There are 2 protein chains.
Amino acid sequence: MKNLQIHIKVSPELYLKNPDSSELGHRIIAGSIELINELGFEVFTFKKLGDKIGSPESSIYRYFESKHTLLIYLTSWFWSWVEYQLVFATANINSPIDKLEKTIKILTQPVEVDKSFSYINEVLLHKIIITESVKVYHTKDVDDENEKGYFSSYKQVVQRVSDMVLEINPTFKFPQMLISTVIEGANHQRYFAQHLPALTNVEKGKDNIIKFYTDLVFKAIK
Amino acid sequence: MKNLQIHIKVSPELYLKNPDSSELGHRIIAGSIELINELGFEVFTFKKLGDKIGSPESSIYRYFESKHTLLIYLTSWFWSWVEYQLVFATANINSPIDKLEKTIKILTQPVEVDKSFSYINEVLLHKIIITESVKVYHTKDVDDENEKGYFSSYKQVVQRVSDMVLEINPTFKFPQMLISTVIEGANHQRYFAQHLPALTNVEKGKDNIIKFYTDLVFKAIK
DNA sequence: GCAAATATAATAGTATTACTATCAATAATG
DNA sequence: CATTATTGATAGTAATACTATTATATTTGC
């Protein structure tokens, strides 16, 4: 994407101190994206992150309450960024069908680097979304955290795309169900392709995932 | 389901000592199903389970290497049990379409108690599948564990249903992708209905989830 | 340009977790 | 009834997920 200097806004409830407001904050975000990828979320700790970025863990605790809220911060950033991409990519398209098709593509395709956000590696972040993001809301605290608005950026993406579905077929009864199925599904399939290929049908070279979910959506709402 | 006394076989790699071979084993399984539901997998520990069932944690460690393999054991049992239900329910149906429809229903409907397996509460176990099962294979050890066959019962269900799809439409290119999308999707939607209703379209009383995925499958393969 | 406020570093400490190890007591089995 | 297997009781350990305190930079407001 272009070299605009845009800032993605993340709800302040997700941090104690805004990581986008200091150099240490940037290092925390950039370092955590790398380290979570490297170790996996369970093995990742603030101690190890501190060692990596050369700061004590106590400093990281001044930005984030826990590694769990840091992960929510990252996913929240990601979904806001996806929404921005969505709006950007469909801005001048008039046909609702073309708009939805383009949107499904963005939601299901592999992510490319976006130079607009210097310290965030979107490709690695997408890998975290694929591998770790289910852990964000599969906890005993979901209801609490949902009330505090922790998942609003994800819900907003689902809502925006659901509205596009309704634009095409106002009588369709399950837009949110369809779109969340597609988003979660595409991530799952990308994960399966790498780790549990028996559960998917991904061939090298071809991107079956985009095709499969595009077909699925248009057949479902017809 | 009927009162047959059938034993679900779980791969021996998943335990150190077969929990189905002793009374303590049964208490571990029954107790863990209750306690994981109550506390959530992260907060659940063998210490707490030991207190609940009146045995020291060291005894539990003689059955399972870790709480992670215990969870895999539970999900593995569940998918074997689902497969048995699938076979049972479609045994005398000749029409491939009826068979698939019945199958999708079983995969997406709420679970009912099955008296055949006395010490296992299938309804609670299904709640664990819905809430915790993604954690089973979203770890750094997936590839390793997959090679050891830890996920074979789940893969077998997907394979069986994929074959039914191919029976109806032998040219359909993405059977595994479709079926794993449906299974994971239905579980996700049930979770969303309870905790993140903005992501789904479930109304009280009606079971939209079964309807939605049944439609989706038949439209996709037509 | 300097005091005051703020951010970060350095270090220490704690309850809990996820185990492993050892030995005694009990129950099952041949 | 002697042997073997199973469970209980107890202890111990490194790592985790924090909290707290004090010292040292760095920024900022006047």
Side-chain angles (χ1 to χ4, degrees), chain A residues 12-32 35-36 38-74 119 132 135-136 138-141 144-145, chain B residues 12-32 35-36 38-74 119 132 135-136 138-141 144-145:
Chain A
E13 306 88 49
L14 289 174
Y15 48 76
L16 301 172
K17 181 172 153 56
N18 191 350
D20 204 13
S21 73
S22 73
E23 207 244 314
L24 176 59
H26 290 188
R27 265 157 50 222
I28 289 172
I29 298 303
S32 67
L35 205 57
I36 291 173
E38 199 178 306
L39 306 176
F41 186 66
E42 280 72 31
V43 182
F44 167 84
T45 67
F46 278 1
K47 181 82 185 2
K48 291 170 187 164
L49 176 57
D51 290 349
K52 184 187 174 78
I53 65 174
S55 281
E57 57 174 341
S58 53
S59 294
I60 301 167
Y61 276 105
R62 270 188 229 103
Y63 284 81
F64 293 101
E65 199 176 298
S66 65
K67 69 174 184 173
H68 180 243
T69 50
L70 166 59
L71 183 62
I72 300 181
Y73 178 92
L74 293 176
Y119 64 94
E132 316 289 358
K135 296 166 194 169
V136 152
H138 280 90
T139 71
K140 273 288 154 185
D141 306 319
D144 239 45
E145 295 183 346
Chain B
E13 307 89 49
L14 289 175
Y15 49 76
L16 302 171
K17 181 170 157 53
N18 190 348
D20 204 14
S21 72
S22 73
E23 206 243 315
L24 175 59
H26 290 187
R27 264 158 49 223
I28 290 172
I29 299 303
S32 67
L35 204 56
I36 291 173
E38 198 179 307
L39 306 176
F41 185 66
E42 280 71 33
V43 182
F44 168 83
T45 68
F46 279 0
K47 181 83 187 0
K48 290 170 187 165
L49 176 57
D51 290 348
K52 184 186 173 78
I53 66 176
S55 281
E57 58 175 339
S58 54
S59 294
I60 301 168
Y61 275 105
R62 277 192 214 100
Y63 284 80
F64 293 100
E65 201 176 297
S66 64
K67 70 174 185 173
H68 179 242
T69 51
L70 166 59
L71 183 63
I72 301 181
Y73 177 92
L74 293 177
Y119 64 92
E132 317 289 357
K135 296 165 193 170
V136 152
H138 279 90
T139 70
K140 273 288 155 184
D141 305 320
D144 240 46
E145 296 183 345

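Just so it is clear, the model here is predicted, and its values are computed rather than measured. The chains referred to below are lettered A, B, ... by the order of the sequence lines, with proteins before strands, and numbering in each begins at 1.
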- Can you list the residues that meet the side-chain contact (heavy atoms from CB on, under 4.5 Å) rule with B/Lys48, with sequence neighbours excluded? B/Leu35, B/Leu39, B/Val43, B/Thr45

- Task: For the side chain of A/Ser59, starting at C-beta, report the closest nucleotide among C/dA18, C/dA9, C/dT22.
- Result: C/dA9

- Note on the structure: Sequence neighbours excluded, the answer for side chain to side chain donor-acceptor pair (under 3.5 Å) partners of B/Ser55 is B/Arg27

- Message: Keeping B/Lys47 on the side-chain end and B/Glu57 on the backbone end, is there a donor-acceptor pair under 3.5 Å?
- Response: no

- Message: Please enumerate all residues that pass salt bridge (Lys or Arg N to Asp or Glu O under 4.0 Å) together with A/Lys135, with sequence neighbours excluded.
- Response: A/Glu42, A/Glu132

- Task: For B/Arg62 and D/dT4, give me the distance from atom CZ to atom C1', rounded to whole Å.
- Result: 15 Å

- Atom CZ of B/Phe64 to atom C1' of C/dT20: distance rounded to whole Å? 19 Å

- Query: Taking atom C1' of C/dA10 as reference, at what distance in whole Å does atom OH of A/Tyr61 sit?
  - Reply: 17 Å

Below 3.5 Å is the cut-off: list the nitrogen or oxygen pairs between protein and nucleotides 10-16 of chain D, distance only.
unit_1: D/dT16; atom_1: OP1; unit_2: A/Lys48; atom_2: NZ; d: 3.4

- Take atom CD of A/Glu65 and atom C1' of D/dA17, then tell me their distance rounded to the nearest Å. 12 Å

- Message: Measure CZ/A/Phe46 against C1'/C/dA9 and give the value in whole Å, please.
- Response: 17 Å

- DNA chain D contacts made by residues 12-30 of chain A, counting heavy atoms under 4.0 Å: none

- Query: Can you check whether B/Ser55 has a side-chain N or O nearer than 4.0 Å to OP1 or OP2 of D/dG8?
  - Reply: yes

- Query: Among all residues two or more places apart in sequence or in another chain, which pass the side chain to side chain donor-acceptor pair (under 3.5 Å) test with B/Lys52?
  - Reply: B/Glu34

- Look at the side-chain N and O atoms of B/Tyr63 and state whether any lies under 4.0 Å from the OP1 or OP2 oxygen of D/dT7. yes

- Message: Strictly below 4.0 Å: does A/Ser66 bring a side-chain N or O up to OP1 or OP2 of D/dA17?
- Response: no

Below 3.5 Å is the cut-off: list the nitrogen or oxygen pairs between protein and nucleotides 28-30 of chain C, distance only.
none

- Task: Quick one: list whatever passes side chain to side chain donor-acceptor pair (under 3.5 Å) with B/Tyr61, sequence neighbours left out.
- Result: none

- Note on the structure: For A/His68, the ring-ring contact (aromatic ring centres under 6.0 Å, His included) test, sequence neighbours excluded, returns none

- Item | Contacts of B/Asn18 that satisfy side-chain contact (heavy atoms from CB on, under 4.5 Å) - sequence neighbours left out | B/Tyr15, B/Asp20, B/Ser21, B/Tyr73

- Message: I need the minimum non-hydrogen distance between A/Ile28 and A/Tyr63, along with the two atoms involved.
- Response: CD1-CD1, 3.6 Å

- Note on the structure: Sorted by chain and number, sequence neighbours left out, side-chain contact (heavy atoms from CB on, under 4.5 Å) with B/Ser59 holds for B/Leu24, B/Pro56, B/Arg62

- Item | side chain to side chain donor-acceptor pair (under 3.5 Å) partners for B/Ser58, two or more places apart | none

